[in-house]
Peer 1: 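Below you will find the structure I want to go over with you.
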Amino acid sequence: MSDIPAPEKFRAEAADWLASAARPRQASGAWGTGDDSVAVFENWSEEEEREHTERIRAWEMTRYDAGWGALSWPEEFGGRGLPVFYEQLYRQEEAAFDVPRRTEIFPVTQQLVAPAIRIWGTPEQQGRWIRPMLRTDQLACQLFSETEAGSDLAAVRTRAVRDGDNWVLDGHKVWTSGATVASWGVAVCRTDPDVRKHAGITVFMVPMDAPGVTIRPIRQMTGGTSFNEVYLDGVVVPDTDRLGPIGEGWRVTLTVLAAERLDSGSLGLDNADRAIELARHLPRPLTGHEQNLAADLYVRTLVQRVIGLRVTAALVSGREPGAEASVGKLYATETMRRTSDLVLQLLGPRLVADTGEWGTFAWTEQLLGAPGYSIAGGTDEIQRTILSERVLGLPKEPSR
């Protein structure tokens, strides 16, 4: 522990390095000027997504190479072995500088897939994937959801059939973020249809440029195409790219899902912080009800960050997180709902008219996008089921 700098010293060192590597945010970024986007799901074209991804990737590589990436990972993976909350300390300092805002593919790669590979991967797989993913030389997406399975991920129909030292994958995945810019996809597949559904699943790392992989964008009601459907038609994957034991894919999947709920530590917080600032800058006195909504949201942001740190600590230490991941996911989606509630109260009719006024109509993307996170990463109902079984000890629903 003697090698761990005090938080104040760490923040000062981070600020010094950031000042040498990035520009401070301009005064034009003050309230009422600059970009007022609060989009939950980006509305970029494929070309724009690639452009933004490369810009973010360049920054992530810079900070990793300088020792400011993968802060809580062990040195063997290019990290510094610091307590997990030091990542939050760093992010607080970084917020004062003009650096690219990470899109979803980056936390998926660094906070979901890389920790799962650390837990389930062979030494060869860990050496091949973890450092490149933490540095973002390689990016990864999730090939989980299917139209037929709905929220019951264990009901996947994508098949993987053994063929010597290879597997042949056939199926259809939906709601995949970042598919067009990902190097790898983590595919949940059925390898044994004759056993109970949770026992017949295996997970594979699929090259997204492999023959037989087809990516098609899905248009959202916000106008963008953040999500994709991915077709796997006779995709050949070597057994060396299987993640975890054959038939143990459900446990691997739960690890990734728990890590996805880990990201609830930051899910929606930027917009919640922005909504609180909206309340501070409203050109009229707040009503008592609005003051209560704003205060409630502020407290929730503090609690949410603590919940996220607890789940992060479990993953970084190599453990599978418990029910606290589901608590974090439920808490985060409720934070997003309350962010929308506060904005609706503060803006009223100004919200629905595209008058060009800064920080008004832009909030429609929060209102339209936020409900999607009550489904993403496991629905709210699924999270409550997990808590009822693992915390309250209630009997499981009989398998169909």
Side-chain angles (χ1 to χ4, degrees), residues 105 108-109 112-133 137-150 152-216 227-257 259-260 320 399-400:
I105 190 71
V108 166
T109 300
L112 277 63
V113 179
I117 293 173
R118 184 184 179 194
I119 294 173
W120 293 101
T122 64
E124 186 275 334
Q125 290 174 332
Q126 292 177 1
R128 179 155 54 111
W129 282 321
I130 290 182
R131 272 180 173 262
M133 287 186 178
D137 296 280
Q138 299 179 16
L139 299 174
C141 63
Q142 295 170 264
L143 300 175
F144 280 22
S145 298
E146 298 183 6
T147 52
E148 297 86 355
D152 186 5
L153 189 56
V156 295
R157 298 186 184 183
T158 295
R159 296 288 300 275
V161 178
R162 189 74 181 257
D163 182 15
D165 292 333
N166 298 319
W167 296 80
V168 180
L169 278 56
D170 289 278
H172 175 215
K173 300 291 185 177
V174 294
W175 313 124
T176 303
S177 302
T180 58
V181 295
S183 314
W184 295 90
V186 184
V188 179
C189 302
R190 184 155 302 285
T191 49
D192 189 345
D194 299 323
V195 297
R196 63 185 181 86
K197 61 184 183 181
H198 290 84
I201 292 174
T202 306
V203 171
F204 299 90
M205 297 291 291
V206 179
M208 294 301 288
D209 60 354
V213 176
T214 302
I215 303 169
R216 296 179 182 172
F227 299 114
N228 305 273
E229 53 183 341
V230 179
Y231 292 86
L232 305 173
D233 298 312
V235 178
V236 178
V237 176
D239 189 58
T240 52
D241 289 351
R242 168 174 47 84
L243 185 59
I246 298 172
E248 292 290 332
W250 182 243
R251 295 180 63 201
V252 180
T253 301
L254 289 179
T255 300
V256 179
L257 287 174
E260 183 171 14
E320 296 180 57
S399 299
R400 298 181 179 87

Peer 1: Check side-chain contact (heavy atoms from CB on, under 4.5 Å) between V235 and all other residues, then give those that pass, not counting sequence neighbours.
Peer 2: L169, V206, A210, V213, L232, V237
Peer 1: Looking only at heavy atoms, which two atoms of T255 and I119 are closest? And how far apart?
Peer 2: CG2-CD1, 3.6 Å
Peer 1: Do the side chains of L112 and Q142 get nearer than 4.5 Å, heavy atoms only?
Peer 2: yes
Peer 1: Which heavy atom of A182 sits nearest to which heavy atom of I105, and what is that distance?
Peer 2: CB-CD1, 4.1 Å
Peer 1: Salt bridge (Lys or Arg N to Asp or Glu O under 4.0 Å) with R190: which residues, sequence neighbours excluded?
Peer 2: none
Peer 1: Provide the closest heavy-atom pair for V108 versus C141 in the form atom of the first, atom of the second, distance.
Peer 2: CG1-CA, 4.2 Å
Peer 1: Can you list every pair that meets salt bridge (Lys or Arg N to Asp or Glu O under 4.0 Å) and has a residue in residues 236-246, with sequence neighbours left out?
Peer 2: R128-D241, R162-D239, D239-R242
Peer 1: With a 4.5 Å limit on heavy-atom distance, are the side chains of L143 and V186 in contact?
Peer 2: no
Peer 1: Could you give the distance from NE2 (H172) to OG (S145), rounded to the nearest 0.5 Å?
Peer 2: 11.0 Å
Peer 1: Please name all residues satisfying side chain to side chain donor-acceptor pair (under 3.5 Å) with S183, sequence neighbours left out, ordered by chain then number.
Peer 2: none
Peer 1: Report the distance from atom OG1 of T180 to atom CE of M208, rounding to the nearest 0.5 Å.
Peer 2: 8.5 Å
Peer 1: Just to verify, what does A140 make a side-chain contact (heavy atoms from CB on, under 4.5 Å) with, not counting sequence neighbours?
Peer 2: T109, V113, M133, W184
Peer 1: Identify, with sequence neighbours excluded, every residue that meets side-chain contact (heavy atoms from CB on, under 4.5 Å) alongside T191.
Peer 2: A160, W167, T202, F204, I246
Peer 1: Suppose we screen for side chain to side chain donor-acceptor pair (under 3.5 Å). Which residues come up paired with S177, at least two apart in sequence or across chains?
Peer 2: E104
Peer 1: Can you list every salt bridge (Lys or Arg N to Asp or Glu O under 4.0 Å) pair that touches residues 170-189, not counting sequence neighbours?
Peer 2: E146-K173
Peer 1: Name the orientation class of the two ring planes belonging to W250 and H198 (parallel below 30°, tilted from 30 to 60°, perpendicular beyond 60°).
Peer 2: perpendicular
Peer 1: Say you draw a straight line from OG1 of T240 to CG of N166; how long is it, rounded to the nearest 0.5 Å?
Peer 2: 8.0 Å
Peer 1: To the closest 0.5 Å, what do you measure between CD (Q138) and CE (M205)?
Peer 2: 8.0 Å
Peer 1: Any side-chain heavy-atom pair from W120 and R251 closer than 4.5 angstrom?
Peer 2: yes
Peer 1: What are the two closest heavy atoms between V156 and F144, and how far apart are they?
Peer 2: CG1-O, 4.0 Å
Peer 1: Using a 3.5 Å distance criterion without hydrogens, assess whether the side chain of T122 forms a donor-acceptor pair with backbone atoms of Q125.
Peer 2: yes
